[in-house]
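Index from 1, following the sequence. Here the structure is a predicted model, which is why all the values come from computation and not from measurement. Atoms considered below: every heavy atom in the structure, side chains included; atoms not considered: hydrogens, waters and symmetry mates. One-based numbering, in listed order, for ligands and for the atoms of each.
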Amino acid sequence: MPRTIQKHIALLLVAPALLAASFSASAYQAGDAIIRLGAAAVDPQEDSGNVDIGGVDTGLTVGVDSDVQMGITGTYMLTDHVGIGLLAATPFQHSINLNGVGKLADIKHLPPTVTLQYFPLDSKSGVQPYVGAGINYTAFFDEEFTGANKQAGFSDLELDNSWGLALEAGLDYQLAEHLLLNASVWYADIDTEANFKVGGVKSSVDVDIDPWVYMVGLGYKF
Ligand code: NI
């Protein structure tokens with residue numbers, strides 16, 4: 001046989017072995033990037049101070065409800081076991097309630113979170129649990145009192161943005177070479193001060209929102 005055909009036959013014989021090798025090495029390793037999309041829920045575990053109106057302690061506290069949005073997370077593997085993780089989402093919207101009175105205002109926020117992640121299992125494992133720790137930045141915007149509260153003299157609502165610690169745990173389950181199922185949970189330390197006016201009088205309340213964030217979704221490994 002001509003040498004070129006011999007080479008082609010050799011390649012044909014070797015190709016399945018190369019393919020098998022690329023499959024078995026398809027699990028997590030340095031340089032991999034994973035993108036995950038899914039439903040993300042923010043469930044505040046709020047702890048409110050008392051509402052202060054013009055220096056007078058009203059004894060009233062506030063509550064924050066939960067919300068679900070589209071979450072997107074990414075991991076870039078620095079080594080076979082350590083990655084950098086990012087959490088992003090479409091803006092979350094929450095009601096702020098005056099406890100015992102009723103709904104006070106609506107707010108929106110974006111809570112981008114960066115973590116250093118540790119994947120303890122062998123890089124060939126099709127199941128990859130991980131834990132992470134890092135920093136959450138929460139930006140509040142579109143803070144607005146409800147119409148009735150505006151008429152009652154509430155105005156100028158503004159929530160301080162927050163920097164805080166974030167902890168995370170998650171699991172990637174490989175469905176196919178590139179496709180995976182993901183479930184993950186974060187705890188974020190989000191503390192803010194809400195400043196506003198009542199009848200023109202400066203008022204405020206400290207709120208630790210400190211939510212659990214849950215996400216379930218599909219991922220793609222590049
Ligand atoms: Ni806190």
Side-chain angles (χ1 to χ4, degrees), residues 38-75 83-118 130-146 149 154 156-171 183-198 202-216:
V42 169
D43 185 18
Q45 308 292 310
E46 74 275 15
D47 181 18
S48 163
N50 290 345
V51 176
D52 180 299
I53 298 179
V56 178
D57 182 345
T58 62
L60 291 167
T61 57
V62 296
V64 186
D65 73 352
S66 29
D67 189 33
V68 178
Q69 291 292 333
M70 191 179 80
I72 179 166
T73 69
T75 294
I84 288 186
L86 174 71
L87 163 66
T90 50
F92 291 95
Q93 181 169 335
H94 300 273
S95 298
I96 297 197
N97 303 299
L98 199 54
N99 290 328
V101 180
K103 184 169 166 176
L104 196 60
D106 286 308
I107 60 155
K108 287 183 185 168
H109 73 89
L110 279 172
T113 302
V114 176
T115 50
L116 201 61
Q117 301 171 323
Y118 177 64
Y130 55 92
V131 290
I135 290 176
N136 165 271
Y137 174 71
T138 296
F140 295 97
F141 58 96
D142 284 358
E143 304 103 318
E144 189 134 27
F145 285 111
T146 61
N149 287 299
F154 286 81
D156 301 293
L157 178 61
E158 193 180 287
L159 272 67
D160 290 346
N161 295 340
S162 160
W163 288 96
L165 177 77
L167 298 172
E168 150 184 55
L171 182 86
S184 35
V185 58
W186 294 255
Y187 172 79
D189 185 20
I190 302 175
D191 301 340
T192 185
E193 183 181 63
N195 289 288
F196 54 100
K197 289 178 181 163
V198 183
K202 273 191 181 176
S203 307
S204 68
V205 59
D206 288 319
V207 190
D208 294 354
I209 298 175
D210 301 347
W212 287 100
V213 180
Y214 307 95
M215 184 169 136
V216 177

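Only protein atoms were considered; those of element N, O or S under 2.8 Å from the Ni ion (ligand 1) number 4.
In the displayed structure, Ile135 atom CD1 is contacted under 6.0 Å by at most 12 heavy atoms of other residues, nucleotides or ligands. Within a 6.0 Å radius of CD in Gln69, other residues, nucleotides and ligands contribute more than 12 heavy atoms.
From Thr192, atom OG1 reaches atom CD1 of Ile107 across 8.0 Å, with rounding to the nearest 0.5 Å. Atom CH2 in Trp186 sits 8.0 Å away from atom OG1 in Thr115 (nearest 0.5 Å). Taking OH of Tyr137 as the reference point, atom OG of Ser162 lies at 9.0 Å (rounded to 0.5 Å).
Not a single donor-acceptor pair under 3.5 Å links the side chain of Ser184 to the backbone N or O of Gly170.
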